[in-house]
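A short worksheet on the structure shown next.
Quick caveat, the model's predicted, so the values are computed rather than measured.
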Amino acid sequence: MVKSDIVWHQHTVTRESRESRLDQKGVVVWFTGLSGCGKSTIANELDRQLSELGRATMLLDGDNIRHGLCAPPERLAEEHSAEFADRFGLGFGETDREENIRRIGSLAALMASAGLITLTAFVSPYLRDRDRVRRIIEAGREGDFIEVFVDTPLEICEARDPKGLYKKARAGEIKNFTGISDPYEAPKSPEIHLDGGNGQTPAQQAAEVLEILKNRGIFAS
């Protein structure tokens, strides 16, 4: 099969009809920031607040995705051959992270096209990867990618260290750990910039994002 044999099929049920039925616009709200910055907690709280308003949502979380769609080789090896696991399993090096974010971006784009308010919480440390996801998602409709930078100082993230990952990274037990042995490239102009060190609660920060979504016409009050 060559590239010209792969065509896009238009479906009978349109995106517009799905969104009309749900009374909302499909969109991807992409939370990014250091490990421990609070992005997963805020995204989860936002999901709860949206659900209480009767909105149709889906939350994609970094750890959960690694259990299936973007599983590491050792997990795939439990069900597949070593060759399969080595080829399709994703580690945490730069190239594997690139593919991890590409897969998630493509999945999130499909969910948005179904009319879902899709929330994602991933470190996604590289600018080029997030820019590529933006292009994937906005190929469907401009403005559908809303980048939320949870800007929490490294010292606060490291003090929290809910999974003990920073401690392991400092001890050299984890390679390519963002913020310690690997860079985090902060967004230059995110749609939403949350100050993770200002003392606000996750509920307050989620409510701030919620209000912005309303103002952007994603859904009515």
Report task. Please name the residue in the list V27, D61, L50, N44 that meets the side-chain contact (heavy atoms from CB on, under 4.5 Å) test with L119. Result -> L50

Query raised in the report: Judged by atom type as modelled, is there a donor-acceptor pair below 3.5 Å linking the side chain of K39 to the main-chain atoms of V150?
Result: no

Report task. Report yes if some heavy atom in the side chain of R216 is under 4.5 Å from a heavy atom in the side chain of I146; otherwise report no. Result -> yes

Report task. Could you state whether I137 and Y126 fall into the same hydrophobic cluster, counting links through intermediate Ile, Leu, Val, Met, Phe, Trp or Tyr residues with side-chain heavy atoms under 4.5 angstrom apart? Result -> no

Requested in this report: Ignoring hydrogens and angles, tell me if any N or O in the side chain of T152 forms a donor-acceptor pair with the backbone of C37 under 3.5 Å.
Outcome: yes

Query - Min side-chain heavy-atom separation T32-V148 under 4.5 Å - result: no

Query - Flag for Q204-E208: side-chain donor and acceptor within less than 3.5 Å - result: no

Requested in this report: Consider only side-chain N and O atoms of S124 and D129, and report whether a donor and an acceptor are under 3.5 Å apart.
Outcome: no

Query raised in the report: Do the side chains of M111 and L60 get nearer than 4.5 Å, heavy atoms only?
Result: yes

**Report entry** 4.5 Å side-chain heavy-atom contact, L22 and F219
**Finding:** no

Requested in this report: Ignoring hydrogens and angles, tell me if any N or O in the side chain of E45 forms a donor-acceptor pair with the backbone of A203 under 3.5 Å.
Outcome: no

Report summary line: Taking every heavy atom of R170 against every heavy atom of L154, the minimum-distance pair comes out as NH2-CD2, 4.5 Å

Query raised in the report: More than 12 non-hydrogen atoms from neighbouring residues, nucleotides or ligands closer than 6.0 Å to CD on E79, yes or no?
Result: no

Report task. Take E142 and R134 through the salt bridge (charged side-chain N to carboxylate O under 4.0 Å, His left out) test and state the conclusion after the steps. Result -> CA-CA 9 Å; E142 186 176 356; R134 182 185 291 273; over 6 Å; no

Query - Output field: ring centroids Y166/F177 closer than 6.0 Å - result: yes

Query raised in the report: Would you call E94 and R128 a salt bridge, taking side-chain N to carboxylate O under 4.0 Å as the test?
Result: yes

Query raised in the report: Under 3.5 Å, side chain of Q24 to main-chain N/O of G115, donor-acceptor pair present?
Result: yes

Query raised in the report: Backbone N or O of G143 within a donor-acceptor pair of the E138 side chain at under 3.5 Å?
Result: yes

Query raised in the report: So, D182 and R97, do they make that salt bridge, N to O below 4.0 Å?
Result: yes

Query raised in the report: Do R103 side-chain atoms and E98 backbone N/O form a donor-acceptor pair below 3.5 Å?
Result: no

Query raised in the report: Parallel, tilted or perpendicular for W30 and F145, by the 30°/60° rule?
Result: tilted

Report summary line: Note: Q205 and D195 closest approach over all heavy atoms is NE2-O, 3.1 Å

Query raised in the report: Do other residues, nucleotides or ligands put more than 12 heavy atoms under 6.0 Å from the NZ atom of K175?
Result: no

Query raised in the report: Is it true that D144 and R141 make a salt bridge, defined as a side-chain N closer than 4.0 Å to a carboxylate O?
Result: yes

Query raised in the report: Is there a donor-acceptor pair under 3.5 Å between the side chain of R66 and the backbone N or O of A71?
Result: no

Query raised in the report: Do S20 side-chain atoms and S17 backbone N/O form a donor-acceptor pair below 3.5 Å?
Result: no

Query - Any donor-acceptor N/O pair, S181 side chain to N176 backbone, under 3.5 Å - result: yes

Query raised in the report: Parallel, tilted or perpendicular: which describes the rings of H80 and F84, with under 30° parallel and over 60° perpendicular?
Result: parallel

Query raised in the report: Heavy-atom count around E83 CD within 6.0 Å, excluding the residue itself: above 12?
Result: no

Requested in this report: Verify, without hydrogens or angle tests, whether T41 (side chain) and P202 (backbone) share a donor-acceptor contact under 3.5 angstrom.
Outcome: no

